[in-house]
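Here the structure is laid out as structure tokens; the discussion comes afterwards.
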Amino acid sequence: MITELDVVERVEFTCFRCWHQWSADYDVRRDRDARGFEWEYFSRDGVAMASPYRRTGAPPCPKCGRHWVGRPAARRPLQAPQGEVQATPEKVTEGRPGRRVWASARTV
């Protein structure tokens, strides 16, 4: 069952090697399974991706190619699409940066 409408999250990245900064928007869908666990599905431009908040999903720096974990910058709710999600789920944990910060989205 869907516990939250789909959202677009703006994720900011800083390369700690060359100090380049960039951001990317991710579509995020949250579901709760029958056992009560919450899962997040991330995608960009319709392509399923791992969470940008984990090392396995960190994109490469456009300048030097090093991979860096992102931090949340903004969140915008969207209407949930119909049909199945074709993305790899990530279990929701309290350790994710900025999880409790967003009462409302801030402008980037």
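Bear in mind that the values here come from a model prediction, so they are computed numbers and not experimental data.
Relative orientation of the Trp19 and Phe16 rings is perpendicular, given thresholds of 30° and 60° on the angle between their planes.
Separating the SG atom in Cys15 from the CZ atom in Arg66 is a distance of 7.0 Å, to the nearest 0.5 Å. The distance from the CZ atom of Arg32 to the CZ atom of Phe37 is 11.0 Å, given to the nearest 0.5 Å. Atom-to-atom distance recorded for Cys18:SG and Lys63:NZ is 7.0 Å, nearest 0.5 angstrom.
Between His20 and Pro62 the shortest side-chain heavy-atom distance falls below 4.5 Å. In this structure the side chain of Ser23 never reaches within 4.5 angstrom of the side chain of Phe13, judged on heavy atoms. Counting only heavy atoms from C-beta outward, the side chains of Thr14 and Trp68 never approach each other to under 4.5 Å. In this structure the side chain of Tyr53 never reaches within 4.5 angstrom of the side chain of Glu40, judged on heavy atoms. Contact annotation: the side chain of Asp27 never approaches that of Tyr41 to less than 4.5 Å [non-hydrogen atoms, C-beta and beyond].
His67 meets the ring-ring contact (aromatic ring centres under 6.0 Å, His included) test with no other residue; sequence neighbours excluded. In this structure Tyr26 satisfies the ring-ring contact (aromatic ring centres under 6.0 Å, His included) test with no other residue, sequence neighbours excluded.
Pairs engaging residues 14-25 under the salt bridge (charged side-chain N to carboxylate O under 4.0 Å, His left out) rule: Arg10-Asp25 [sequence neighbours left out].
Closest approach of Ala50 and Phe42 over heavy atoms only: O-CB, 4.2 Å. Residue Ala58 comes nearest to Val69 through the heavy atom pair CB-N, 3.8 Å, listed as atom of the first residue, atom of the second, then distance.
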